[in-house]
**Student:** 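I'd like to ask you about the structure that follows.
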Amino acid sequence: MSAPEFKLYDSLSRTVKPIQTVEPNQLRFYSCGPTVYSYAHIGNFRTFITSDLIVRTAQSIGWKVTYVSNITDVGHLTQDDVADASGEDKMARALQSKEGEEFANVWDLARHYADAFESDWRHLNLLPPSVRPRATDHMREQIVAVQDLIEKGHAYETPTGVYFNVDSFAEYGKLSGNRDRESLQVAVRDVVQDDNKKSPADFALWKKDDKHLMQWFSPWGWGFPGWHIECSVMAQKYLGDTIDLHGGGEDLKFPHHECEIAQSEAGNGKPFCNHWLHVTFLQVEGEKMSKSKGNFYTARDLFDQGFGPLALRLALISVPYNKPHNFTLQTLRDSQAHIDRFTESLDRIGKAGFTMDDFPDGQLPEGPLSKLSEIYSEAQAAMLNDLNTSVAVAKALEGNKLILRDHLDGKTAAQAAWFLKKINNLLGIVYATFADPSEGEEFEAEPEINGKLITQWIVERSEAKAAKDFAKADQIRNDLAVAGYELRDSIEGTDWKKIR
RNA sequence: GGCGACGUACCCAAGUGGUUAAGGGGAGGGACUGCAAAUCCUUUACGCAUCGGUUCGAAUCCGAUCGUCGCCUCCA
């Protein structure tokens, strides 16, 4: 039996091809993280969940994964045509905004949003990265890398900073297709207009600015690093000169990743990365989501509306990462219903007295649930084929349907648990693994409606039913529904559930 | 201007040359229920934007046309 292939679209070669790791069964993966100047929105998480699914899929075929996902906590320019680097940067702007007033300085602001980000990350069942480096913790390495590029003739100093000489790297533009140097000057982020630059397309490696809110001392005086150098440096530090896979949002393809390639390959003469992944931007309710329009949801916005993190996660992966995805609240409601059905299965397994570990991996289910093994394999195969999450999710639901159909006696309950655990390891949509219950979602106290606890109402309704007073029983049920709680009758009694 | 994606049922969506076009939502019918809800069973595309072409055979390949959208600027 040949080793399974993990096929993924590669933005550089523009083909779907198997990931070829430098070391067999060992994936070195760098995924660009957020700049922490605000709460992360659901579009950010489409990208991070995609990275998470890559790690899970690779692990499912036995690969070891070194997964680096950084946090950018240095502000970078918002207006790249500002001649001097004293123009606003993202984090400084955030500090001056209404939300920013509560922070003493940019460092506090960065810490707050980074903590919030990591909390959202756990709630969304995202695997912890092997390393989560921060740009500010790697200032020395960045400065050394810039010096190195100067020594090798790929960078030069001007009165405003240090720039990468694009003409010294013939391959510049190979990822994005932006080969035309002249047209770059109008459309390039992080390009500073400076008459001393050798080419308008040259981008900043270091910006001189002794007024900047975050500044460090360098051989070129006080200032701060260019945006792209941090990723080149941290990728090399934690993953080596040549990495197997590098990913991020589609906006990062150019200039960010293009510049990373130039810096890294010019610096050490080795291929920087063998496989590039870019996640297509999310649409919301049929429209482009953007911060400037203000029509975006943060993850916590939706949690506050009562949607579970797993429902959000499922909604975000219901369409493959490289296809346009119009996120709607309807999709989110559908997803919540699916999650609730997984929860239903877990409850039944629990009631049958089983845990997730009662069926030894390595054995295959038999009897009424014997198809679960095949269904899992199909889900895994879909993921190995360029992360076809639509099919993988369909398989997960198909398996869950079989489970809900079964009476779950001892043997099948254990098999059902096996399937749900395998699916959760692959897709992370069945149950929460990382969220600390004490954090965020507080345990809900039993609700009180019209002065009585809900269980008291349930008892009263049962008594009314026993006395054939159905008008009263229905009245109670209606009142609770208006208050937002749904009743579920079963042989064991009546349960209640919050309506979303 | 450069690069790219998509057009499949009421809605989301799979499908990458070959049996009856996955799956989900919604809607209809049924079981259960005092009636509901939840759950289960069941029905729901003779057709895949349009027009040509290649082929024994195409939603799937090629060409043209129409339409929608994204990135390149803040943003993953």
**Student:** If we take the C1' atom in both B/rC48 and B/rG34, what is their distance in whole Å?
**Tutor:** 48 Å
**Student:** Quick check, does A/F281 stack with B/rA76? I mean ring centres under 5.5 Å and planes off by under 30°.
**Tutor:** yes
**Student:** With sugar-phosphate meaning primed atoms plus P, OP1 and OP2, does A/G248 contact a base, only sugar-phosphate, or nothing at under 4.0 Å between heavy atoms?
**Tutor:** sugar-phosphate
**Student:** Roughly how many Å is it from CD1 in A/I429 to C1' in B/rG24, rounded to a whole number?
**Tutor:** 12 Å
**Student:** When we call it a touch if two heavy atoms are under 4.0 Å apart, what does A/V393 touch: a base, just sugar-phosphate, or nothing?
**Tutor:** nothing
**Student:** May I ask you to verify whether the side chain of A/T47 and the base of B/rA76 hold a donor-acceptor pair under 3.5 Å?
**Tutor:** yes
**Student:** What is the separation between atom CD on A/Q336 and atom C1' on B/rC12, rounded to the nearest whole Å?
**Tutor:** 17 Å
**Student:** Report the residue (A/T280 or A/H338) whose heavy-atom-nearest nucleotide on RNA chain B is the more 5′ of the two.
**Tutor:** A/H338
**Student:** With heavy-atom distances below 4.5 Å as the criterion, would you say the side chains of A/L126 and A/R313 are in contact?
**Tutor:** yes
**Student:** Does B/rA13 have its OP1 or OP2 closer than 4.0 Å to a side-chain nitrogen or oxygen of A/N388?
**Tutor:** no
**Student:** Look through every strand shown and name the nucleotide pairing with B/rU19 as Watson-Crick or G-U wobble, where both distances are under 3.5 Å.
**Tutor:** none
**Student:** Measure the spacing between CZ of A/F342 and CG of A/L397 and express it to the nearest 0.5 Å.
**Tutor:** 5.0 Å
**Student:** What one-letter contact string describes nucleotides 26-32 of chain B from 5' to 3', where B marks a base within less than 4.0 Å of any protein heavy atom, S marks contact via sugar-phosphate atoms alone, and - marks no contact?
**Tutor:** -------
**Student:** Starting from the 5' end of RNA chain B, give me the residue, A/F45 or A/E250, whose nearest nucleotide shows up first.
**Tutor:** A/E250
**Student:** Using nucleotides 2-9 of chain B, report all nitrogen or oxygen pairs with the protein that are shorter than 3.5 Å.
**Tutor:**
unit_1, atom_1, unit_2, atom_2, d
B/rC3, O3', A/R14, NH1, 3.0
B/rG4, OP1, A/R14, NH1, 3.1

**Student:** Aromatic ring centroids of A/H228 and A/F164 under 6.0 Å?
**Tutor:** no
**Student:** Looking at B/rA59, which nucleotide sits across from it as a Watson-Crick or G-U wobble partner, both distances under 3.5 angstrom, or is there none?
**Tutor:** none
**Student:** Does B/rU54 pair with anything, Watson-Crick or G-U wobble, both distances under 3.5 Å, and if so, with which nucleotide?
**Tutor:** none
**Student:** For A/K253, give me all partners under salt bridge (charged side-chain N to carboxylate O under 4.0 Å, His left out), at least two apart in sequence or on another chain.
**Tutor:** none
**Student:** Would a 4.5 Å heavy-atom cut-off, applied to side chains only, mark A/N125 and A/R56 as touching?
**Tutor:** yes
**Student:** What integer distance in Å separates A/N326:CG from B/rU68:P?
**Tutor:** 16 Å
**Student:** Sequence neighbours excluded, which residues qualify as salt bridge (charged side-chain N to carboxylate O under 4.0 Å, His left out) partners of A/D489?
**Tutor:** A/R461, A/K465
**Student:** When rounded to the nearest Å, what value does the distance between C1' atoms of B/rU60 and B/rC69 take?
**Tutor:** 22 Å
**Student:** Using a 4.0 Å heavy-atom cut-off, write out nucleotides 33-45 of chain B from 5' to 3' as B (base contacted by protein), S (sugar-phosphate only) or - (no contact).
**Tutor:** -BBBBSSSS----
**Student:** For A/N326, enumerate each residue passing the side chain to side chain donor-acceptor pair (under 3.5 Å) test, keeping only those at least two apart in sequence or located in another chain.
**Tutor:** none
**Student:** Could you give the distance separating B/rG1 and B/rU44 at their C1' atoms, to the nearest angstrom?
**Tutor:** 48 Å
**Student:** List in chain and number order the residues that pass side chain to side chain donor-acceptor pair (under 3.5 Å) with A/T280, two or more places apart in sequence or in another chain; answer none if no residue qualifies.
**Tutor:** none
**Student:** Could you tell me the separation between the CZ atom of A/F45 and the OG1 atom of A/T50, rounded to the nearest 0.5 Å?
**Tutor:** 12.5 Å
**Student:** Quick one: side-chain contact (heavy atoms from CB on, under 4.5 Å) partners of A/A58, sequence neighbours excluded?
**Tutor:** A/F6, A/L27, A/W63, A/V65
**Student:** May I have the distance from A/E398 (atom CD) to B/rA14 (atom C1'), rounded to whole angstrom?
**Tutor:** 12 Å
**Student:** Tell me: NE2 of A/H256 to P of B/rC71, nearest whole Å?
**Tutor:** 18 Å
**Student:** According to salt bridge (charged side-chain N to carboxylate O under 4.0 Å, His left out), who are the partners of A/D474, at least two apart in sequence or on a separate chain?
**Tutor:** A/R477
**Student:** Write down the distance separating the P atoms in B/rA13 and B/rG52, rounded off to the nearest Å.
**Tutor:** 29 Å
**Student:** Not counting sequence neighbours, which residues clear salt bridge (charged side-chain N to carboxylate O under 4.0 Å, His left out) with A/K401? List them please.
**Tutor:** none
**Student:** Paired with B/rC71 by Watson-Crick or G-U wobble geometry, both distances under 3.5 Å: which nucleotide is it?
**Tutor:** B/rG2
**Student:** Rounded to whole Å, please give me the gap between OH in A/Y321 and P in B/rC71.
**Tutor:** 18 Å
**Student:** Would you mind telling me which of B/rA14, B/rC69, B/rA76 lies closest to the side-chain atoms of A/Q283?
**Tutor:** B/rC69
**Student:** Between B/rC71 and B/rU54, how far is it from one P atom to the other, in whole Å?
**Tutor:** 40 Å
**Student:** Which nucleotide in the list B/rG23, B/rG70, B/rA13 gets nearest to the side chain of A/L397?
**Tutor:** B/rG23
**Student:** Measure the distance from CZ on A/F327 to C1' on B/rC69 and round it to the nearest whole Å.
**Tutor:** 19 Å
**Student:** Does B/rG47 have a Watson-Crick or wobble partner in any strand here, with both distances under 3.5 angstrom, and which is it?
**Tutor:** none
**Student:** Find the partner of B/rU33: check Watson-Crick (N1-N3 plus N6-O4 or O6-N4) and G-U wobble (N1-O2, O6-N3) distances, both under 3.5 Å, and reply none if neither fits.
**Tutor:** none
**Student:** Sort out the partner of B/rC66 for me: Watson-Crick or G-U wobble, both distances under 3.5 Å, none otherwise.
**Tutor:** B/rG7
**Student:** Could you tell me whether A/H278 contacts a base, only the sugar-phosphate backbone, or nothing, with contacts defined as non-hydrogen atoms closer than 4.0 Å?
**Tutor:** nothing
**Student:** Which residues satisfy the side chain to side chain donor-acceptor pair (under 3.5 Å) test with A/S390, sequence neighbours excluded?
**Tutor:** none
**Student:** Report the nucleotide, chosen from B/rC71, B/rA76, B/rG23, that has the shortest atom-to-atom distance to any side-chain atom of A/A394.
**Tutor:** B/rG23
**Student:** Please determine, for B/rA13, whether a Watson-Crick or G-U wobble partner exists with both distances under 3.5 Å, and give it or none.
**Tutor:** none
**Student:** Which whole-number value in Å describes the distance from A/W276 CH2 to B/rA76 P?
**Tutor:** 17 Å
**Student:** Find out whether A/W121 and A/P129 are in side-chain contact, i.e. whether some heavy atom of one side chain is under 4.5 Å from a heavy atom of the other.
**Tutor:** yes
**Student:** Not counting sequence neighbours, which residues clear side chain to side chain donor-acceptor pair (under 3.5 Å) with A/T455? List them please.
**Tutor:** A/E446
